[in-house]
Amino acid sequence: QVQLVESGGGSVQAGGSLRLSCAASGYTGSTVCMGWFRQAPGKEREGVAIMYIRGDLTRYTDSVKGRFTVSRDNAQNMVYLQMDSLKPEDTAMYYCAASDRLLCMSNTLASSRFNYWGQGTQVTVSS
């Protein structure tokens, strides 16, 4: 199976930036999509950004468009989330996810399409 480990979370003031990293290991050859999801206390898990491992298609939730950028380095099995202009409402536990399913690239950034998950990294944005 695939193992995912996130890093790069922390505490930052509003307007600041963070770069999250996700390292994938194990058998990654069948991976189709990777992405980032987040969950704040009392809220449902939300898809932030997802992407095909091969190709250039990416999808973002509306609230982060123009502020967050997802990228990858396939040779190193790494996925990144660059977060700029952070807002207090971005505060959440951020999870890296991977999927070997052909329909993982959903318009709704559905977490149910992903079957491998990291343990999360906390992002806290203060006002």
Side-chain angles (χ1 to χ4, degrees):
Q1 63 177 15
V2 177
Q3 294 84 46
L4 304 172
V5 179
E6 306 97 330
S7 62
S11 181
V12 65
Q13 293 186 356
S17 298
L18 285 172
R19 189 193 192 204
L20 306 184
S21 299
C22 175
S25 60
Y27 182 69
T28 61
S30 61
T31 299
V32 178
C33 296
M34 294 193 71
W36 292 92
F37 298 78
R38 66 187 181 186
Q39 187 166 25
K43 295 186 177 180
E44 296 182 343
R45 182 176 293 177
E46 174 190 30
V48 177
I50 60 175
M51 66 188 306
Y52 278 126
I53 289 300
R54 295 173 174 83
D56 56 5
L57 180 61
T58 60
R59 291 195 170 109
Y60 297 88
T61 190
D62 286 345
S63 64
V64 308
K65 289 180 179 177
R67 300 189 298 119
F68 291 9
T69 304
V70 63
S71 61
R72 67 177 186 257
D73 184 338
N74 287 349
Q76 295 185 334
N77 291 319
M78 296 287 293
V79 175
Y80 306 94
L81 184 67
Q82 178 66 44
M83 305 185 294
D84 298 320
S85 301
L86 282 162
K87 303 175 180 179
E89 49 263 47
D90 295 318
T91 295
M93 184 72 73
Y94 283 71
Y95 298 91
C96 179
S99 178
D100 58 9
R101 299 166 183 171
L102 295 178
L103 299 179
C104 50
M105 204 68 181
S106 67
N107 291 124
T108 59
L109 287 76
S111 61
S112 61
R113 307 286 183 90
F114 288 74
N115 52 338
Y116 298 101
W117 294 85
Q119 291 187 314
T121 185
Q122 178 68 39
V123 172
T124 302
V125 184
S126 60
S127 60

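Values below: all heavy atoms of this structure, side chains included; hydrogens, waters and symmetry mates excluded.
The backbone N or O of S99 sits nowhere less than 3.5 Å from a side-chain atom of R113 that would complete a donor-acceptor pair. Remark: side-chain polar atoms of T91 are paired, donor with acceptor, to backbone N or O of P88 under 3.5 angstrom. With hydrogens and angles ignored, the 3.5 Å screen pairs no side-chain donor or acceptor of Q122 with any backbone N or O of G120.
When the side chains of ILVMFWY residues are joined at heavy-atom separations under 4.5 Å, either directly or via intervening members, M93 and F68 end up in two distinct hydrophobic clusters. The hydrophobic cluster containing Y80 does not contain V12, counting ILVMFWY residues as joined when their side-chain heavy atoms lie under 4.5 angstrom apart, directly or transitively.
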Please walk me through it: do C96 and W36 pass side-chain contact (heavy atoms from CB on, under 4.5 Å)?
-> CA-CA 5 Å; C96 179; W36 292 92; 4.0 Å; yes
Worked verdict on C22 versus M34 for side-chain contact (heavy atoms from CB on, under 4.5 Å) = CA-CA 10 Å; C22 175; M34 294 193 71; 4.0 Å; yes
I would like to know whether M83 and V48 meet side-chain contact (heavy atoms from CB on, under 4.5 Å); could you show each step before the answer?
-> CA-CA 11 Å; M83 305 185 294; V48 177; over 6 Å; no
Chi angles and distances behind the side-chain contact (heavy atoms from CB on, under 4.5 Å) call for Q82, S71 = CA-CA 8 Å; Q82 178 66 44; S71 61; over 6 Å; no
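For R59 against L109, the heavy-atom pair with the smallest separation is O-CD2, 3.8 Å. Smallest separation of non-hydrogen atoms from D90 and R38: OD1-NH1, 3.0 Å. Shortest non-hydrogen contact noted between C104 and I50 is O-CD1, 3.9 Å.
Within 6.0 Å of the CD atom in Q119, the count of heavy atoms belonging to other residues, nucleotides or ligands does not exceed 12. Within 6.0 Å of CD on E89 lie more than 12 heavy atoms contributed by other residues, nucleotides or ligands. Heavy-atom contacts from other residues, nucleotides or ligands closer than 6.0 Å to CG of L102 number 12 or fewer.
When side chains are defined from C-beta on, V70 does not count as touching R72, because their heavy atoms never get closer than 4.5 Å.
Ring geometry for F114 versus F37: interplanar angle over 60°, hence perpendicular rather than tilted (30 to 60°).
Taking the charged nitrogens against the carboxylate oxygens, K65 and D62 do have a contact shorter than 4.0 Å, which makes a salt bridge.
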